[in-house]
Undergrad: 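Have a look at this one before I ask anything.
Here is how names work: the chains are called A, B, and so on, in the same order as the sequence lines, proteins then strands, and each is numbered from 1. As a basis for the values below, the full set of heavy atoms in this structure was taken, side chains included, without hydrogen atoms, waters or symmetry mates. Note that this is a predicted model, so its numbers are computed, not measured.
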Amino acid sequence: MDAARHAAVFVIQRLLQALGVMLVILVIAFAIRSSLGDPVRELTGQAASESERTALRHELGLDRSWPAQLLDYLKGAAQGDLGTSYIYKRPTVAVILDKFPASFELVLAASLIVAVLALPGGIAAAVRPRSWTAKLILSVSVLGVSVPVFLTGILLISLFSVLLGWLPAFGRGEVVSIGGWETSFLSLDGLAHLLLPALTLSSIMLPLFVRLIRSAMLDELGRDYIRTARAKGLKPPRIWLRHGLRNAMLPIVAQGALQFGNLLAFTILTETVFQWPGMGFLFLEAVTRADIPLITTYLVAVGAIFVIANTIADLLSLALDPRVTFSEADA
Amino acid sequence: MSRTAAGTYALPRSLTGSIKRHPGMGLVIAVLTVIALAAAFAPVIAPQDPYDLASLDVLDSEIPPSWLPGGEARFPLGTDAQGRDLFSTVLYGLRISLIIGILAVTIQAAIGITLGALAGYLGGRLDTLITRIADIQLALSTLMLAIVALALVRAALGGQTLGASAVPVLVIVIGLAEWPFFARTARAAMLVEKQKDYVRASRALGATGTTIVLRHILPNIGAPLIIVATIGMANAIMAEAALSFLGLGMPPTQPSLGTLIRSGYDLIFAGAWWVTLIPGAVLVVLLLCVNLLGDGLRDALDPRLKRGAGEGAL
C-alpha cells in the first residue's frame, strides 16, 4: 500500500470516529433531556388542565416509547433541529449560533496572544534552562497558573476600567456585521471591548503553553541529532528552530489539543466576568433558568466543537510528523 | 507525568536537606501552616460569626478596611454588602475552601490509586479499560466536566436544594472529575515496582497479591503520589473557587472564597474593591503556596529532574 493511500485511510477512519463520538454525545444529550424537567409543564404553565396537557404530550410525541423518541431526536439533529428554548422561544440551535461569533473571536484573540508570547517564551526557557531569563519565565508562569482566570479578569477591570477608566468592562460594544457574522475586529470600540477579555483568557492559557513548549523543547534538545547538528557547526538559532522546534511541534500539538477542554471551561469563566455575550454566558443563563433544551444543545455544540478541534489536531499531527513523508512512509 | 525511568519512589531522607537548600520552601511551608491554622481555628479567631444573620447590621455595610479613610477598628478588613465583617467571613470561607479541597483530593486519591494500582498490577483488559476511561476524562478537561456535572445537578435539583447540600456535592463532583491524575501516576509507578526484586522475593515467600500491593508496593510509591496530591489540592481549590464564582458551588449564605469573590464582584464598580479583592488575594496566596510546594516536592523527589533531563509534560 502506498503512503498517500495510507494517509487517506487514516483520514477517513478519523472522520468516521468523529461521527461515532457525535452520535454518542447526541444519545447522552437525549438521555439528559428526557430525564430532566417536563417540557409540557414549561410550555403550558400551571393553569393548563390535565386533558390539555395530555393532548400536548401526544402532539409532542412524549407519550411514545423512548426508542421512537430517540429516533425522532436524532432525525431532528440531522436536520439541525435540537428543540426550542424555553427562555427565547426560538430553536436552540439558532440561539447558540447567534452567540458563537462572540465566543469564537474571544478564543481567537486569546490564542493569537498566546501564540505570539508562548513560543518565544517557551523556547527561551528551554535553550538556556539555567539562565535568569528562564527562571523568570518559569516563576511568572507559576504565578500565572496560581491566579484563577476570573480573578485576573476582576483585577484587570479594577485597574483599567474602574481606576483608570481606559477600557470598557463588559459587553462587546460596537460590532460590524459581515453576512450575519458579527465581528469585534473591525471597529475601534469592538477592539477596545475585546482587549481585556482576550488578555484575561490568554493569561491562564499562556503559562500552560509556555511550560508545554519548554518541556517539549527540552526533550528534543537532549537528543543525539541535536548534538550531531551542533557538531556539524550549525548556528544555534537554526538548530533550535529548524531541528528542535520542528520535532517538538508534534508533542506540542498533541498535548495542546488536550488543553482544549480547559480552554472551553476558562472561556465560560471569562465570559461570566466580562458579561461577554458568548456561548458560555448563555449556558450559565440557561442553567440558572433551567432551560433544559438550551443546556443540552450547548452540550452538543461544545461536543461538536471538541470533536472538530481534536480531529484537526490529529490530522495536523499527521502533517507535522517529519517521519511521514508521503513517499517513504512504509519504510 | 509519565514515569518510565526506573528509580526509587520512597521519600528520600534528603527532603529536609533539599528544603534547606531552597530557603523559599521554608517560607512557603510557614505560610501554608499559618493558613491551615487560621482555617482550623476560624471560630476561635474570628470576631464575628458570619453565619449568624442576627448579628449583622445593614448600617455596617461596605465599610472599607481599617487602614483606609472611613475604616473602623472593629472591622480590620472592612465589611461586605450585608455588613459582615470581612476578616471573619474570609476565615470561614478559607475553612470551607480547604475542607472541600482536602475531602475532594481524598476521594480522588482513593478512586485513582485503587484503579491505578489495579490496572498496573493486574494489567490485561482491566488495565486497558481503566487507562482508556482516564484518558478520555483527561481529554475532556476535569474543570469542564465539573462545570457540566454541577450545571446538570443544579438544573435537576434547583438552586435552593443544591445550596443546602453544596459541600458534599462539590466534594463528589471534584473528586470524581480529577481521579485520573492519581490513577495514571499510581499505574506507572506500579508497573516499575512490580518488576523489582523485593516484589519477586515476597511472591516467592508466598505472599498474596493484596499483601504485596498494600504492604510492600504502596509504601514505596509514596513520593510521586504526594506530588500528585499536592498539585491535585491546588486544582481542587481552584475548581471549587471557579464553580462557586459561576454560582454553581457554595451559596452566599455559606460562602467559600469563590462565592465571596463573586458576591463582591459587582461592588468594584461602586469603589468597594476590598470585598472581592481581599478574598481574591487570600485565594491567590493559598494557590501559589500549594503550587510552589508541589514544584518544590517534585524537584526534591523526582530523580529524573536531578539529572537535569526534561520534566513530564505540564
Undergrad: Select one option (side chain, backbone, both, neither) describing which atoms of V302(A) are under 4.5 Å from chain B's heavy atoms.
TA: side chain

Undergrad: Below 4.5 Å from any heavy atom of chain B, which atoms of L151(A) appear? Answer side chain, backbone, both or neither.
TA: side chain

Undergrad: If every non-hydrogen atom of N291(B) is compared with every non-hydrogen atom of S146(A), which pair is closest and at what distance?
TA: ND2-OG, 2.9 Å

Undergrad: Considering only heavy atoms, which portion of L286(B) lies under 4.5 Å from any heavy atom of chain A: side chain, backbone, both, or neither?
TA: neither

Undergrad: Under a 4.5 Å heavy-atom cut-off, does chain B meet the side chain of A169(A), its backbone, both or neither?
TA: side chain

Undergrad: Name the region of T296(A), side chain, backbone, both or neither, that has any atom closer than 4.5 Å to a heavy atom of chain B.
TA: neither

Undergrad: Looking at CG of L143(B) and CZ of F266(A), how far apart are the two atoms once the value is rounded to the nearest 0.5 Å?
TA: 5.5 Å

Undergrad: Can you say whether L263(A) sits under 4.5 Å from chain B via the side chain, the backbone, both, or neither, judging by heavy atoms?
TA: neither

Undergrad: Kindly compute the distance separating CG (L246(B)) from CG (L269(A)), expressed to the nearest 0.5 Å.
TA: 4.5 Å

Undergrad: Restricting to non-hydrogen atoms, name the atom on F150(A) and the atom on A242(B) that form the minimum distance, rounded to 0.1 Å.
TA: CE2-CA, 3.5 Å

Undergrad: Nearest 0.5 Å, please: how far is CG in L299(A) from CE in M144(B)?
TA: 7.5 Å

Undergrad: Chain B heavy atoms under 4.5 Å from I154(A): which part of the residue, side chain, backbone, both or neither?
TA: both

Undergrad: Contact part of F170(A) toward chain B, heavy-atom cut-off under 4.5 Å: side chain, backbone, both or neither?
TA: side chain

Undergrad: Sort F260(A) into side chain, backbone, both or neither according to what part of it lies under 4.5 angstrom from a heavy atom of chain B.
TA: neither

Undergrad: Start with the C-alpha distance between L163(A) and W273(B), add both sets of side-chain angles, then the distance that settles side-chain contact (heavy atoms from CB on, under 4.5 Å), and finish with yes or no.
TA: CA-CA 10 Å; L163(A) 198 65; W273(B) 52 266; over 6 Å; no

Undergrad: Less than 4.5 Å to any heavy atom of chain B: does that hold for the side chain of V162(A), its backbone, both, or neither?
TA: side chain

Undergrad: How long is the straight-line distance from CD1 of I268(B) back to CD1 of I157(A), given to the nearest 0.5 Å?
TA: 5.0 Å

Undergrad: Please classify the contact of I295(A) with chain B as side chain, backbone, both or neither, using a heavy-atom distance under 4.5 Å.
TA: side chain

Undergrad: One pair to check against side-chain contact (heavy atoms from CB on, under 4.5 Å): L287(B) and V145(A). What are the steps and the verdict?
TA: CA-CA 9 Å; L287(B) 287 172; V145(A) 290; over 6 Å; no

